[in-house]
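The structure appears right after this line, and notes come after that.
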Amino acid sequence: MIQLLLKKELTELLRTTKVTWLLVGLAALLGLALYNGYAYSTTRSQFLRESQHITYQQFISQGDKNPHLGAHFGFYAYKPTADLALVDNGLEDYTGNSFYLEPHQRGVVKFREVSDATGLRSFGFLNAGYFAQFILPLFIFLLTHNVFAKEWENGTIKMVLSTRVQARQLFTGKLLACGLVVGAVVATLALGALGLLLVQRGAAGLGPVLLTYGCYVVGLTMYAVLLTVLGVAVSLLARSSALALVVLAGFWLVGVFLVPRLAGELSRQVYPSITAVEFDDQTFREKEYGMGNEGTKDHRRALLEQRTLAKYHVKRLEDLPVFYIPITIEYFEETDGLVMDRAYAAVERNEARQNAFVLTSAVLSPFLAFRDFSLHLTATDINTHNDFAQQAEAHRRRVGRVVDAFYQKHTVASNDFWKTVPQFAYSAPGLGWRLHNAVAPLVILLVWLVAAGGMAVWAYRRLTA
Amino acid sequence: MQASLFRVLFRHELISLYRNRVLITLFSILLVLLVGALWMGSSRLHQQQRTLGQIRAHRVAAQDSLKARIRRIEAHGMYYPGFIWDDPTYAYNTARNEGPQYAVKQPFVLQALATGQSAMQPFYYKVYITRKQALVHESEIDNSFLQFVDTFDFSFVVVYLLPLLIIVFTYNLLSSEKEQGTWVLLKTSNQSIARLLLGRLGIRYGLFTAAVWAVVVPVLTLLIGPSFLATTNWWWLVAFVAGYFAFWFALAFLVNSFSLSSNLNAMSLIFLWLLLGLLLPNLLQIGLNRVYPIPSRIALTKAEREATNRYFEKDGQLLTKEVFNSPRTLIRQASIVTPGMVYGYGIIVSKSQIIKDQATRVAENNLYGQVEKQQVAIGQLQWLSPALLLQEVLATLAGTHWHQFNRFSRDVDVFREHTQQFFYPKMALESTYRTFTVKDADAIPQFQSRAYATYSGQYLGRVLLLHVVGVLVLMVLGYRRLLHASR
């Protein structure tokens, strides 16, 4: 019986002109989204790879220079494009990707693409992730809103229920029919993205990301299931297509746009960020006057001089067997580094609090929970970005130590020396780390799934009552 | 329309709207959200104003400290007891330490309504001779995730949320008559259905628009003071927002004229909202990025570094050798920082910066040129999406459009050149590298801020006229269809 009902529902759905148009439009959008994501990630990853190579080549071929002057020429650490940026580019354009490896100052990731974007950027960036987060839910709601409501409006519900068809079978049949159409769209999306990943990375390159991508697809499926169940439940409860549509579209609008933005603004109010001027003022003060009772910079400089003279048993700096300036540089690199580490940690802590506040609001919006899940799985989230920044900073200090050690003995560095400075390479953490970060949104999605299921059961009971 | 008929319709609309609890609830929620959006927008504005206040205070303190320190050194026969790199009588040191001045873009009062590019672009720079932004962060410190999520302001509520409320307000104006069986009664009345529907829609439009402004004006006055009412930007804004609402009412009128079911009307309107509000701007973005791809800023650094390397292969190499090997500078010794070393670095920095600036200018012009081309194209194609059009106009009127930030950025570039012209001769000449005086401190160039929330009234007038024509076309089309249908 369920099979018969499923067949009937599918035929009815696919014969409806509006569903046909919906599917055609959706296919076009999906194709465009996949292409756009592919073009973005391919162009960008190649560009960043080349840039990483070029900047290093420029550094190691800068010729004879004072080592410190040469270190100031520095080079860049570029954050490579995320392995699944084809699917979802997340925060990639918002965080920046260039970290300048230069002495004295802790680097900050610069060149956010979004700074050079037009106002169109606020309408989003169409790729598979955008499609899944914004368009797919609306499609599901447009598909499901009248799956039951139409039976009431046409007056056919009583007729159907008076036949041998049981309410449970009717419910299951309709839910499965909607689920199959939605499943086909999700499968097209998942397989399309997988195909493009294969084209982009080759069979060998696909292996390492396959499991992560599989987890993403599982999350996407869970998300699509919960929305389908929710849509059918609302259709069953509303008993009016228009009302069901207004409720579902309203829920979509609130969940996709309103809740995240509102929560974002509120989090800024609750946990205000330090301003750039305050940040500079504070770090400058701490560098100059110390964070505790270590004394002013001049005082510490004098102590360092005394210590160094004592260490080498000499009375004048000129008599040191090594050059003193690099020793000073390295010393303040470390002490200033502590100040900057503390300042950046405070910024990151505040951002983590803001993000947690926004994520909490996902209890009102499964769309936000899925978006967060997607960011973590594709490694286009803030955690990965911070991880990159930390590794780049560690590399900057490594380079500083190498150069200063050389500078203690030499005043001119040639290309032979520059070539000994290590190149930077970054790869995002693996699946375990990503899943660990994605636990919270995943739990929220599960809660939503259970709630949607509960709502469907309640709606079904009302049908049978 | 006769006055008596209008009165009847008006009463009927008031009663039916009042009885529609769903609508009243939705509308009340949206008005609360509107108040929230205004509050958040004004908070951002106040935050920026506070930051600029801090900058002013900081600037005064730094200038006072600089002058006091110079006076002290001069009083002690040019002896500075501290670290040589902090001695402000060296022009290069002052250029690095207290010399960088702030260039600020004063936020316009209507920024409280449309955040626009102000969430992304810096509204102040600390301008240094070698960098436009001497602060650690390129722009204000903000959480990338929150920027990704985007802002919640008046502009967002008007562009995205209110059209959906208009759809709920209007989708079943005619279809409900059919579904409730009152259509036949209407057909037998002595008024045409087209006129009745137009009248009802007009009344709803008036009530809706009046309710929105009745909330916005007093709340905004409370939050930011009444000065905005005296600006022409505000009245343009009122006209455009009213026009935007009119567009959605006219579109609903047209959709209603097809005499479809309420469900299909709602679906069509929601689809149109999605198309005009999200999909078309997105497709436009894809198209423009293909036609005018915006180069990455990484290209700027590549060009700069290539030029630096080229320079150091020849002239720079000679200069560096000259400076670093000079017995006077004693840099070779690398144990004690000497006055000559400060001078030497001053020369190298100024010379190499000239080379870098020349190299990056080409790449920078290319970058901004491409964004400019995209903006011109958006200006030409914005009529495709009223949501895009309104967003662009609101940003322009609030002083937060890309054009306005770009103008500010260009002004800062010019200011940096002035700063360089002031410091370079002092720090790179043997006779002046350590003669920085209080008089010089007073003569450090200051950024002259100007009003950036300007626009071409003629252009806005043309856009508004086009918009009104579009609305009229939709209404005439709907009216004609209804006249035909009711025959």
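What you see below is based on every heavy atom in this structure, not just the backbone, and it leaves out hydrogens, waters and symmetry mates.
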Between B:E140 and A:F279, does a side-chain contact (heavy atoms from CB on, under 4.5 Å) hold up when you go through it step by step?
CA-CA 10 Å; B:E140 206 50 296; A:F279 183 92; over 6 Å; no
With side-chain contact (heavy atoms from CB on, under 4.5 Å) as the criterion, how do A:R121 and B:M120 come out once you've worked through the C-alpha distance, each side chain's angles and the decisive distance to 0.1 Å?
CA-CA 11 Å; A:R121 192 57 210 239; B:M120 299 291 168; over 6 Å; no
Working note: A:F73 + B:R305, criterion side-chain contact (heavy atoms from CB on, under 4.5 Å); need CA distance, chi angles, decisive distance, verdict.
CA-CA 8 Å; A:F73 181 62; B:R305 294 166 65 78; 3.7 Å; yes
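Note on B:T308, B:I286, B:V157, B:I55: by heavy-atom pairs under 4.5 Å with chain A, the leading option is B:I286. The choice from A:I327, A:T275, A:L266, A:L126 that makes the most heavy-atom pairs within less than 4.5 Å of chain B is A:T275.
In this structure, no portion of A:W21 lies under 4.5 Å from any heavy atom of chain B. Only the side chain of A:I382 comes within contact range of chain B, with heavy atoms under 4.5 Å apart. Looking at A:I54, only its side chain comes within 4.5 Å of chain B, counting heavy atoms on both sides. Heavy atoms of B:Q47 lying under 4.5 Å from chain A belong exclusively to its side chain. Proximity to chain B (any heavy atom under 4.5 Å) is shown, for A:F141, by neither the backbone nor the side chain. Using a 4.5 Å cut-off between heavy atoms, A:S51 contacts chain B through both its backbone and its side chain.
Salt-bridge annotation for A:E265 and B:R44: present, with a side-chain N of the basic residue lying under 4.0 Å from a carboxylate O of the acidic one. We find that A:R268 and B:D142 are joined by a salt bridge, their nearest charged nitrogen and carboxylate oxygen being less than 4.0 Å apart.
We find the CD1-OG distance between B:I294 and A:S115 to be 11.0 Å, quoted to the nearest 0.5 Å. How far CG of B:L146 is from CD of A:Q354: 5.0 Å, rounded to the nearest 0.5 Å. Once rounded to the nearest 0.5 Å, the distance linking OG1 of A:T118 with CH2 of B:W402 reads 9.5 Å.
B:N289 and A:Y40 are not linked by any side-chain donor-acceptor pair at a separation below 3.5 angstrom, with hydrogens and angles left out of the test. Counting only N and O atoms by type, the side chains of B:H137 and A:D280 include no donor and acceptor under 3.5 Å apart. Residues B:N309 and A:Q62 bring no donor and acceptor atom of their side chains to less than 3.5 Å of each other.
Panel note: side chain A:D116, backbone B:S296; no donor-acceptor pair is recorded below 3.5 Å.
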